[in-house]
Amino acid sequence: CAGLGRKAVGAIEFDGASGAVTVSDDAAIQNIFDDGGTIECWFNARTDGENNGGILVSKRFPGTDGYRLQVKSESGGMVAVNIDIDFDVTDAQAATEVEVATNTLQHVVLTFTASSGETPIIYIAGTAATLASSQAASGTRLTDAGNDLLIGDRTDDALSFDGFIDEVRIYKGRILSAAEVAEHYNGIFNDETDLAGYWPLNEGASSLARDASVNLNHGTLSGNAAFVGAASAAQGPKDSNYADGSKLAGGARDTSVYA
């Protein structure tokens with residue numbers, strides 16, 4: 001499928017103007033960084049998106065607290081990846097150099113522990129990225145409870161991603177090691193402990209983005225967000241936990257969704 005890159009089996013396309021995947025707030029995905037947390041996804045950005053700040057994953061919106069992982073600062077066919085996590089004194093922040101190529105499939109992992117003095121780590125293509133800027137957290141983490149989780153935009157539809165997003169994973173209470181990040185980049189998943197949410201985003205044609213974790217927090221597509229590519233019985237190495245369209249990660253098939 002054009003635009004997806006080497007994992008051409010399905011993703012969600014965003015047009016940089018309108019659209020998101022909305023996952024209703026749930027305790028399983030609240031304040032994921034409290035004991036260490038990880039966000040991971042694949043993306044292919046055409047540009048840096050709406051208002052030069054296209055959202056990858058967000059649980060922070062105007063007037064609320066939480067976090068925002070996004071691409072920014074497009075220049076010369078490159079973007080930066082930026083994270084901002086709210087604290088009551090000084091937010092935790094990190095931004096890569098403007099060296100992440102557009103129109104290219106990219107793998108990003110963010111790890112962070114919500115403690116004063118901690119700084120987020122961003123991995124690109126399985127390797128810790130060089131940061132253009134960073135700021136350690138100070139004070140107390142501000143809660144994101146009550147905020148929905150959005151993929152590809154935020155609730156006011158002002159930071160729409162422009163490109164493709166795929167394979168979103170969230171771990172609550174677990175920081176992936178550098179070795180594990182490299183394994184995930186190469187499609188190796190030996191330990192899915194503390195997987196709080198996993199949205200393969202490869203349904204093909206649906207308004208539902210299925211959560212293949214045990215928590216079953218399925219998302220809903222809105223606006224111009226649309227699946228591209230088609231689900232199949234052989235999704236490739238990064239889809240090994242979801243190969244037959246069933247919820248294999250963590251137990252029984254969710255027949256209300258997958259029947």
Side-chain angles (χ1 to χ4, degrees), residues 3-7 11-14 16 20-21 32-33 36-61 66-86 91-114 118-137 144 149-154 158-171 175-178 180-182 184-186 197 199 201 238:
L4 297 185
R6 63 186 176 89
K7 185 188 172 296
I12 291 184
E13 182 174 10
F14 301 88
V21 175
I32 64 168
F33 301 112
T38 301
I39 299 174
E40 173 181 0
C41 71
W42 291 81
F43 71 91
N44 184 338
R46 285 183 288 249
T47 68
D48 61 4
E50 187 177 15
N51 292 314
N52 309 113
I55 293 290
L56 292 168
V57 182
S58 178
K59 215 166 180 288
R60 186 187 89 174
F61 316 111
Y67 61 83
R68 186 170 66 193
L69 180 65
Q70 63 193 139
V71 295
K72 299 181 73 174
S73 307
E74 179 188 2
S75 178
M78 302 283 183
V79 294
V81 174
N82 182 85
I83 180 65
D84 194 320
I85 305 166
D86 287 328
D91 294 348
Q93 297 176 341
T96 70
E97 298 282 358
V98 183
E99 59 184 12
V100 181
T102 57
N103 297 300
T104 302
L105 189 66
Q106 303 284 355
H107 179 251
V108 61
V109 174
L110 162 74
T111 65
F112 179 67
T113 299
E118 295 291 327
T119 302
I121 299 174
I122 300 173
Y123 297 85
I124 302 293
T127 302
T130 300
L131 298 181
S133 63
S134 64
Q135 179 173 278
D144 61 33
L149 183 147
L150 265 68
I151 299 169
D153 207 341
R154 68 181 189 188
L159 293 175
S160 183
F161 186 78
D162 181 20
F164 306 84
I165 300 177
D166 197 14
E167 293 281 323
V168 177
R169 279 179 162 84
I170 289 179
Y171 297 85
I175 286 183
L176 295 183
S177 68
E180 288 173 319
V181 171
H184 285 203
Y185 175 65
N186 288 295
W199 298 272
L201 306 182
K238 288 189 289 300

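Below, each value reflects all heavy atoms present in this structure, side chains not excepted, and no hydrogens, waters or symmetry copies.
The side-chain heavy atoms of I32 and K59, taken from C-beta on, include no pair separated by under 4.5 Å. In this structure, V108 and L110 have side chains that are not in contact, with every pair of non-hydrogen atoms separated by 4.5 Å or more. Inter-residue side-chain proximity for M78 and V100 is flagged as unmet; no heavy-atom pair is nearer than 4.5 Å. No side-chain heavy atom of S73 sits under 4.5 Å from any side-chain heavy atom of V79. Contact annotation: the side chain of V21 approaches that of I12 to within less than 4.5 Å [non-hydrogen atoms, C-beta and beyond]. At a threshold of 4.5 Å between non-hydrogen side-chain atoms, the residues W42 and L201 do not count as touching. With contacts defined as side-chain heavy-atom distances shorter than 4.5 Å, the pair L56/F43 qualifies. Proximity of E180 to T38: side-chain heavy atoms (C-beta onward) are nowhere separated by under 4.5 Å.
If you run side-chain contact (heavy atoms from CB on, under 4.5 Å) between R60 and each of I55, L69, D144, D84, only D84 comes through. Of the candidates T47, N44, T102, V71, D162 forms a side-chain contact (heavy atoms from CB on, under 4.5 Å) with just one, namely T47.
Under a 3.5 Å cut-off, the side chain of D153 and the backbone N or O of A20 do not form any donor-acceptor pair. Although no hydrogens or angles enter the test, the distance criterion places a donor-acceptor pair under 3.5 Å between the side chain of N186 and the main chain of A182. Without hydrogens or angle criteria, T96 side chain to A129 main chain gives no donor-acceptor distance under 3.5 Å.
Note on ring orientation: taking the six-membered ring where Trp is involved, the planes of Y185 and H107 are tilted (angle from 30° to 60°).
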For this session: Give the C-alpha distance, both sets of side-chain angles, the deciding distance and a yes or no for side chain to side chain contact (heavy atoms under 4.5 Å, CB included) between Q135 and T119.
Result: CA-CA 6 Å; Q135 179 173 278; T119 302; over 6 Å; no
For this session: Step by step, work out the side chain to side chain contact (heavy atoms under 4.5 Å, CB included) result for F61 and L150.
Result: CA-CA 10 Å; F61 316 111; L150 265 68; 3.9 Å; yes
Problem set entry | Criterion side chain to side chain contact (heavy atoms under 4.5 Å, CB included) on E99 and T130, from CA distance to verdict | CA-CA 9 Å; E99 59 184 12; T130 300; 4.1 Å; yes
Problem set entry | Criterion side chain to side chain contact (heavy atoms under 4.5 Å, CB included) on R68 and I83, from CA distance to verdict | CA-CA 6 Å; R68 186 170 66 193; I83 180 65; 5.7 Å; no
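Between G16 and E50, the shortest heavy-atom distance links the atoms O-CB, 3.3 Å. Closest approach of C41 and V168 over heavy atoms only: CB-CG2, 3.8 Å. The shortest heavy-atom contact between G126 and V181 is CA-CG1, 4.0 Å. In this structure, I122 and A94 approach most closely via the heavy-atom pair CD1-O, 3.9 Å. Pairing each heavy atom of N51 with each of A158, the nearest pair is ND2-O, 2.7 Å. Of all heavy-atom pairs spanning A137 and F112, the tightest one is CB-CZ, 4.1 Å.
Using a 4.0 Å cut-off between charged side-chain N and carboxylate O, E13 and R46 make a salt bridge.
The ring-ring contact (aromatic ring centres under 6.0 Å, His included) test applied to Y67 returns F33, not counting sequence neighbours. With sequence neighbours excluded, the residues that form a side chain to side chain contact (heavy atoms under 4.5 Å, CB included) with I121 are T111, Y123.
For the atom pair R154 CZ and L159 CG, the distance stands at 4.0 Å (nearest 0.5 Å). For the atom pair CD1 of I165 and CH2 of W199, the computed distance is 12.5 Å after rounding to the nearest 0.5 Å. Annotation: the span from S134 atom OG to Q93 atom CD amounts to 9.5 Å, rounded to 0.5 Å.
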